[in-house]
Amino acid sequence: MTAYDERTLPRPLPIGPAGYRTPGWWGVLALIGTEAAVFAYLIFSYFYLQSQTSQPWPPSGLPPLRWSAPSTAILLVSAATMWWAERGMRLGKLIRLYSGLILTLLLGVAYIVLQCFDWRGEPFLANSGAYGSLFYAITAFHVLHTAAGVLIVAAIAGWCALGYITPRRNSAVTVVALYWYFVVAAWIAVFVTLYLLPWITPHGGPP
Amino acid sequence: MAANPTFKTPVIAQPTGELRGKMEGMWSDPPGLYGWLGTTDHKKIGKRYLVTAFVFLMVGGIEALGMRLQLAQPNEHLLSPGLYNQFFSMHGFTMIFLYSLPILSGFSNYLWPLILGTRDMAFPRLNAFTYWVFVLAGIFLYIGFWGGKGTDVGWFNYVPLAERQYNPDWNVDVYSLGMIFLGVSTTAGAVNFIATMFRTRAPGMSISRVPIMIWGTLVANIGILFAVPAVSLDFLMLWLDRRFGTQFFNPATGGRPLLWQHLFWIFGHPWVYAIVLPAMSIVSQGLPVYCRRPLVAHSAVVLATILTMVLGFGVWVHHMFSTGLPVIAMGFFAAASFVIVIPSAVSVFAWVATIWTGRPVFTTAFKFFAAEIVLFVIGGVSGFMTAAVPLDWQLTDTYFVVAHIHYVLIGINVFPVVGGIYHWFPKMTGRMMSERLGWWNFWLMFIGFNLGFFPMHISGLEGMPRRIYTYPANMGWGDLNLVTTIGAFVFALGVLLFVINVIRSRFVGEKAPANPWDAPTLEWATESPPPSYNFAVIPRVATLHPLWEERLDGSRQSLLDEGAVLDDEHEIPATTALDAEPDAIMKMPHTTLAPVSLALLIAGTFVGLLMSMWWVAAACLLAMIPALLWWFWPRPEMGWAERARP
């Protein structure tokens, strides 16, 4: 039989999750899809309740940018360090990969700390009204995603230090980087919705 | 060979007895409890899904029979009003969440790798995990019932009735947390199906050669990915409202009860398609086999399936026509609901044309598949009717809607499922089901179903509201309800015969050959039941119907008895998403306790949250970190990592 042509089998094939679209890549893509949907439904709820209220929204004045603006910058930088680490791995520079992962991890922790300061400064609680409930739900949901991301990056950095991850065995880094970019992108959506839009289009209730 | 080779050229050979013996040794689970708890074999997991979901169907069915006895005549006192509320709520969520989707996951888990010509799902451990989470969530959802009070505000659990001030017991907390818990299983399963579809198809099974059954499940699971978050979020908000006093649904402080309904139905309507599209694809896959011809308009049916799911996300407000929304919004959603008829009709006409132009063989499976077409049309027409806003105002919350939902869910889910079992039972067990019992089984179910549920259309038109525990005699609904109750019991008798047929055939059924129905797809190319490794050599696919090529194309083009051997532990080829060209060899995991452990830790977390034992929840959550590290540890033997430096 001659049904096997050059493009199919037999030919040398890499063993294990090699290449770009590994099962892990598809898995994380699907995970990002479903998590992005949660953020979308949270933001839908926010705009829905805003559209239905006759009270000022947010009820206690414009949201402070004191902590959230720097934390946005920090997360943007962390996406860059993750990209820098990933590129380093592709180029075979393991030291760059390792230090890029550690930098990303530290920036992620810094964002979480800043968000805690932001919470401390807010004049309302999660049970003082629907706005507060949504505000804390959305921001806490994002902080949880970042915390999970920090733990995952820590695990990857550890495996990197143990010598498991090499330029040839890099799918774990690719997949985790994809998740991290999602965390940063989700924050941009949250930041624009919760912190920026009220400054641009203040919603003061009925005229 | 080196200890951890990076590349390998697969050997192409014909299967030998020696190879089969070696593969059996590598792929079968170790005996005993460890093998039972730790299996990642998609066939075992699929069968467990089928059995567990069917048990839930019978539990939900018993609840339904209780309600039917109560309603058989006016002013009965079998169930108290409170118990009746629990019965219809438990019946609803049991059937919709614990039966409808899991039973289809059972089929898909069992059949996907066989139909795709491979040896396991893309994530075998995740597959085991989804099953354990499903079982534990199912038990969790029932503890309220055993703990004194089950959830009693209907399966869609509207606020404010579901809020703490009107419903202070723990039953709604059980329901809320249980639904979030179950969502973990559903979502993880969806991720697995998507990765399996795009990464593990047999070489040569390009996107145009993917059988229809795969499409139905894939499309439904992509929908699940975007629909389930809405309901998980909704229930999380409700639980936070009840437990911590947040204000999501409280209008006094800016919340809105309608937010619950929006999020619930943004999930709820796509969910309808998630639990019917895979079942419709069972019909599309099975019916042509008994019509002795390929499905008419395969590509159109695939595209219609995709279109139905997409449109399914744009019709949720038709569940809320009576809530006083703006007319323009209702007009949009009514129009979208009408449009969905078009892709549905594509499937119906394709099935009818397949029967019409085929040479039907009237087996039991054929009868169930053909009945699905009839019931789908009836359920579709009643749905079409309620898409019209003024008629919906008249019919909403009456038995007309109850009739509609049951024609849809029993007609398009239960009938294809039972037909699917008759179709694939020989593959799963190596034995045929009794056709004689099957005849009785089918006619009892078909007549009982129509006798039971068709009169509900009339009682609904006569104004009988749903969810009432009894009704006065002077309403004149007594006779219709008696007929409904008799029909329900005839239907239940049919289901009982089905169970008897399954159990009996399992042990004394006639032995089944590899392909008893002379079907065209790959699952029939391997033995019945399939060996633990599915295929001794990996098939190479050249058409949509590999086993019918001699008849349809003149000669055999796919290669089934010669292929890649891949016999170095658990290996399968990874192929590209569109062309299915092999581009890597995947090393699959072995028997492991990681999935069941992680599922138990999640269960522990939810129990802790339910009982307000925060330390239990926190401890289980923390314990998940080492469990996940264990799971994802980069094992060189799986090709995930280089060997660690010495």
Side-chain angles (χ1 to χ4, degrees), chain A residues 1 3-4 7-19 21-31 33-42 44-45 48-49 52-53 55 57 59 126-134 136-137 151-152 155 159 162-166 168-169 171-172, chain B residues 5-12 122-123 187 190-191 194-195 198-199 203-204 225-226 228-230 232-233 237 240 244-248 250 253-256 259 262-263 266 540 542 557 559 562 564 573-574 576-577 581-587 625 629 632 634 638-642 644-645:
Chain A
M1 295 215 213
Y4 281 107
R7 296 195 315 153
T8 53
L9 295 167
R11 65 192 166 93
L13 295 172
I15 297 174
R21 282 168 186 176
T22 57
W25 185 87
W26 284 104
V28 164
L29 195 70
L31 177 78
T34 196
E35 297 300 310
V38 185
F39 280 106
Y41 292 128
L42 278 165
F44 165 85
S45 306
Y48 177 74
L49 290 186
Q52 299 290 309
T53 185
Q55 302 299 312
W57 184 275
N127 57 8
S128 37
Y131 174 84
S133 303
L134 265 176
Y136 284 103
L151 289 175
I152 297 168
W159 287 329
L162 287 169
Y164 286 124
I165 288 167
T166 65
R168 269 192 325 204
R169 293 287 171 220
S171 69
Chain B
T6 313
F7 281 87
K8 167 172 157 175
T9 304
V11 176
I12 305 292
F123 303 119
T187 305
V191 170
I194 290 165
F198 289 114
R199 202 58 190 143
L225 221 45
F226 299 105
V228 167
S232 298
L233 178 65
M237 286 173 167
L240 291 172
F244 298 102
T246 55
Q247 308 284 318
F248 293 107
N250 180 3
T253 56
R256 280 291 176 274
L259 177 61
H262 276 297
L263 286 174
I266 286 175
R540 191 191 179 295
Q557 294 167 4
L559 278 179
E562 185 183 24
T576 54
E581 288 172 14
D583 67 348
I585 294 169
M586 293 203 289
K587 294 279 200 176
I625 295 174
L629 277 174
F632 285 103
M638 283 176 66
W640 283 22
E642 298 291 344
R645 280 184 293 243

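Just so we're on the same page: letters track the sequence lines, and every chain starts at 1. All values below come from the heavy atoms of this structure, side chains included, with hydrogens, waters and symmetry mates left out.
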So which atom in B/A584 and which in A/G16 form the shortest heavy-atom distance, rounded to 0.1 Å?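 In this case the closest contact between B/A584 and A/G16 is CB-O, 4.0 Å.
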
When heavy-atom pairs shorter than 4.5 Å are enumerated against chain B, which of A/A37, A/G129, A/P23 gives the highest number?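 The candidate making the most pairs under 4.5 Å is A/P23.
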
Distance in Å, [X] [atom1] paired with [Y] [atom2], rounded so as to fall on 0.5 Å steps:
X      : Y      : atom1 : atom2 : answer
A/T22  : B/M586 : OG1   : CE    : 9.5 Å
B/R256 : A/Y48  : CZ    : OH    : 7.0 Å
A/N127 : B/N250 : CG    : CG    : 11.0 Å
B/L225 : A/T34  : CG    : OG1   : 4.5 Å

With chain A, which of B/L240, B/I266, B/V11 has the greatest number of heavy-atom pairs at distances under 4.5 Å?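 The candidate making the most pairs under 4.5 Å is B/I266.
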
Please determine, among B/A577, B/A542, B/G254, the option with the most heavy-atom pairs under 4.5 Å with chain A.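 Top option by heavy-atom pairs under 4.5 Å: B/G254.
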
Judged by atom type as modelled, is there a donor-acceptor pair below 3.5 Å linking the side chain of A/R11 to the main-chain atoms of B/P582?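 A pair under 3.5 Å: yes.
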
Looking at B/R199 and A/W26, would you say the former's side chain and the latter's main chain have a donor-acceptor pair under 3.5 Å?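 No: the side chain of B/R199 does not pair with the backbone of A/W26.
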
So which part of B/A230 gets closer than 4.5 Å to some heavy atom of chain A, the side chain, the backbone, both or neither?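 Contact with chain A is through both the backbone and side chain of B/A230.
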
What part of B/F244 is in contact with chain A, defined as an atom under 4.5 angstrom from a non-hydrogen atom: side chain, backbone, both or neither?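 The backbone, not the side chain.
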
Can you name the residues that form a side chain to side chain donor-acceptor pair (under 3.5 Å) with B/T253, not counting sequence neighbours?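 With sequence neighbours excluded, B/T253 shows a side chain to side chain donor-acceptor pair (under 3.5 Å) to B/Q247, given in chain and number order.
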
